[in-house]
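Each ligand, and each atom within it, is numbered from 1 in the order the structure gives. Here the structure is a predicted model, which is why all the values come from computation and not from measurement. Along the sequence shown, residues are numbered consecutively beginning with 1.
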Amino acid sequence: MLQRIRGTQDFTDLTLFNFLSAVARAHLTHYGFNEVMTPILEPTDLFRRSLGLNTDVVTKEMFTVKAGENEEAICLRPEATASIMRAFFNNGIQERPWRVFSLGPIFRHERPQKGRYRQFHQLSIEMIGAGTIMQDAEFIAMLDTFISENLRLDSYALLLNFLGTAEDRENYKRALYAFLEKQDNLPRAIQERKETNLLRIFDLKDEECKKALEHAPVLTDSLCAESRAEWDNLRSLLDQLSISYVHDPRLVRGLDYYNKTVFEFSSLDLGAQNAFCGGGRYDHLSIALGEKEPVPSMGAAFGVERLLMLLEARKDKLALPQKPPLIVLIPLAPEQQLLALIAAQELRAVGICCEALLEGASVKSMMRRANKLGAQYTILMGEDEQKGNYITLKDMVSGTEEKVKQGDMVEQVKARVS
Ligand code: AMP
């Protein structure tokens, strides 16, 4: 048999995935976010412009799709924020803020490992046209409530940083560059990024790089007075909303379009790939995409697979949907199969969940199968039942059997399972 493509997954049981989607939809609707869906295929340029030409996603991780001759290059989307911003403009949306979310597959050609796939899912939540720090605080509080109250996760941390304005970052980059210039024996990876994508040196997680950057200057020390006031305000608002966070001065996030507030939610329960949600403010994304005006915005993306890993370990605490009681119909001989099929349809018509065993197996193996399916009752239909116009209703828990007139079957079963 052919094997699935490396870094992709088969979901053979969607219980937890559907639970997560349902809880997310309910929570976000409660906060006034509407669900949207954008295409999986997008112009490659959308991400070259938004994420930046020197980001890992654009240089190494894009799945480019063969387009027709003379057609623009297209790819499988490596994230959803740029798509949602494109949709905002393409559809002439006037509403501001435009509060939307989207759940769907995302594609990145990364080295697969635990918690890291080439096709995975993100729940992206965006607030397009929202420019205040107060809105950042509201947004982060909304995410925190989702994680702690709706998903009931407890061992996680909110890491927070403030990237300031483009000018703040230029000042900071100068200070950082000067610091690096003075260091001897810088690891190769830092030396490379120093010239191409300086801030990304903080995404290098190996011990040697971390050590080399231990005494590097921090971004929040390079903020201008206005940015500093916003950063102080953000922290004070989060304190007043009783949201715990840790200031992580090294958090720069992997994508180019962020400014001001950036954050990540992470959990030690996840191992090396410990971030399960990342986001921040992207005030200049619209400009990068070719618009004249900045549209200040805030967004976040949850890695659905990583949330599922966390939920899997706490399954017992979750209000997962219970399976409805099941009735299994057992025709004792092929002559009663049609009868069983019709009876099953009648029961389903009144909302009863049932399954007729029509494989022509032996009675013993059908009883075993009914047990395996977790049937609450079985309905036995043999020659005697057919001739006498009745069915035998067997309670699978107590093992008791009773005869029920065929005409009363629906009512009798309904009375027992509802
Ligand atoms: P990003 O768009 O890179 O900010 O990622 C947002 C979230 O998506 C991360 O915090 C992860 O939880 C998740 N994520 C990113 N890349 C992957 C991947 N390759 N496989 C699984 N989840 C991922």
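At under 3.5 Å, a nitrogen or oxygen of Tyr117, whether backbone or side chain, sits near a nitrogen or oxygen of ligand 1. Any N or O atom pair closer than 3.5 Å counts here, and Ala275 shares at least one such pair with ligand 1.
Those atoms of ligand 1 that come under 4.0 Å of a heavy atom in Glu110, given as number and element, are 16 (N), 17 (C), 18 (C), 19 (N). Taking a cut-off of under 4.0 Å to the non-hydrogen atoms of Gly115, the atoms of ligand 1 that pass are 20 (N), 21 (C), 22 (N). Interface of Cys277 with ligand 1, defined as ligand atoms under 4.0 Å from a residue heavy atom, comprises 10 (O).
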Output a table of donor-acceptor pairs, distance under 3.5 Å, between side-chain atoms of residues 65-72 and any protein atom two or more places apart or on a different chain; print 'none' if there are none.
unit_1, atom_1, unit_2, atom_2, d
Glu71, OE1, Gly68, N, 3.0

Side chains of residues 353-376: which donor-acceptor pairs under 3.5 Å do they make with residues two or more places apart or in other chains?
unit_1, atom_1, unit_2, atom_2, d
Ser362, OG, Ser365, N, 3.2
Ser365, OG, Ser362, O, 3.4

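If you look at Phe107 and Phe120, their ring centroids are not closer than 6.0 Å.
Taking the six-membered ring for Trp and thresholds of 30 and 60 degrees, His121 and Phe11 have ring planes more than 60 degrees apart, a perpendicular arrangement. The aromatic rings of Tyr31 and His27 are tilted relative to each other, their planes meeting at an angle between 30° and 60°.
Closest heavy-atom approach to atom 14 (N) of ligand 1 among the candidates Phe265, Phe276, Phe120: Phe120. Among Arg108, Glu79, Gln9, Gln273, the residue whose heavy atom sits closest to atom 2 (O) of ligand 1 is Arg108.
Within 6.0 Å of atom CZ in Arg48, 12 or fewer heavy atoms from other residues, nucleotides or ligands are found, so the atom counts as exposed in its surroundings.
At a heavy-atom cutoff of 4.0 Å, ligand 1 is contacted by no atom of Glu305, backbone or side chain.
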